[in-house]
Amino acid sequence: QLQLAESGGGLVQPGGSLIISCAASGLSLDYYHIGWFRRAPGRGHEGIACISSSGTTTNYADSVKGRFTASRDIASNTVYLHMNGLKPGDTAVYYCAAVHITAATMCREYNNMPYRGKGTLVTVSS
């Protein structure tokens, strides 16, 4: 069974940067596409990035395009989200989720991702 655990969240000032991680255990991420989602207070889950199992294909929501970058490290079975130019509106709990490469689509809604972590809180504030 694939298990995911996010880490690296914290408090950062506006304009700052942060890297959050999604570590997998139980199975290799080589066979899974990964999505990054966030949930701000009082709002639903927003899909912000997805990265293919090979790492060669990425897609980003307009809200983070040009500021956030998803990457993956096969050796450590970990996926990363590099966040630059953070804004107060980026404050949210950030989640990673996985879907097997046999799925019809790589980027899916949060509730359609079979494997999900518990999230890490990112707060952007001065």
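- Cluster partners of Tyr110, using a side-chain heavy-atom cutoff of under 4.5 Å among ILVMFWY residues and allowing indirect links, are Phe37, Val93, Tyr95, Val99, Met113, Leu121.
- Within the structure, side chain to side chain donor-acceptor pair (under 3.5 Å) contacts touching residues 31-40 (residues at least two apart or in different chains) are Arg38-Glu46, Arg38-Asp90, Arg38-Tyr94.
- Ala70 approaches Ala49 most closely through the heavy-atom pair CB-CB, 4.5 Å.
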Q: Go through the steps for Ile48 and Leu81 under the test side-chain contact (heavy atoms from CB on, under 4.5 Å), then give the verdict.
A: CA-CA 10 Å; Ile48 56 174; Leu81 187 66; 3.8 Å; yes
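- Ser17 and Val12 get closest at one heavy-atom pair: O-CG2, 3.8 Å.
- Between Pro14 and Ser125, the shortest heavy-atom contact is CD-C, 3.6 Å.
- With a 4.5 Å cut-off on side-chain heavy atoms, Ile51 and Leu29 do not count as touching.
- Met106 and Leu4 are assigned to two separate hydrophobic clusters, defined by single-linkage of ILVMFWY side chains at heavy-atom distances under 4.5 Å.
- Side-chain atoms of Arg67 come within 3.5 Å of backbone N or O of Gly85 as a donor-acceptor pair.
- Expressed to the nearest 0.5 Å, how far CD1 of Ile34 lies from OG1 of Thr58 amounts to 13.5 Å.
- Surrounding CD1 of Ile74 are at most 12 heavy atoms belonging to other residues, nucleotides or ligands under 6.0 Å away.
- With sequence neighbours left out, Ser25 forms a side-chain hydrogen bond (donor to acceptor under 3.5 Å, both in side chains) with no residue at all.
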Q. Under the side-chain contact (heavy atoms from CB on, under 4.5 Å) criterion, do Asn77 and Ser28 qualify, and how do the steps go?
A. CA-CA 6 Å; Asn77 214 26; Ser28 171; 4.1 Å; yes
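- With a 4.5 Å cut-off on side-chain heavy atoms, Glu6 and Ile20 do not count as touching.
- Not a single donor-acceptor pair under 3.5 Å links the side chain of Thr123 to the backbone N or O of Thr91.
- Without hydrogens or angle criteria, Asn84 side chain to Gly66 main chain gives no donor-acceptor distance under 3.5 Å.
- Looking at Thr78, its side chain does come within 3.5 Å of a backbone N or O of Ser76 through a donor-acceptor pair.
- Under the rule for a salt bridge (charged side-chain N to carboxylate O under 4.0 Å, His left out), Lys87 has no partner lying at least two apart in sequence or in another chain.
- Between the side chain of Gln1 and the main chain of Gly26, no donor-acceptor pair closer than 3.5 Å is present.
- When all heavy atoms of Ala24 and Leu2 are compared, the closest pair comes out as CB-CD1, 3.9 Å.
- Applying the salt bridge (Lys or Arg N to Asp or Glu O under 4.0 Å) rule to pairs touching residues 105-121 yields nothing, sequence neighbours excluded.
- Between the OG1 atom in Thr56 and the CZ atom in Arg72 there is a gap of 9.5 Å [rounded to 0.5 Å].
- For Ser71, the side chain to side chain contact (heavy atoms under 4.5 Å, CB included) test picks out Tyr80, His82, with sequence neighbours left out.
- One hydrophobic cluster, built from ILVMFWY side chains closer than 4.5 Å, holds both Leu27 and Ile101.
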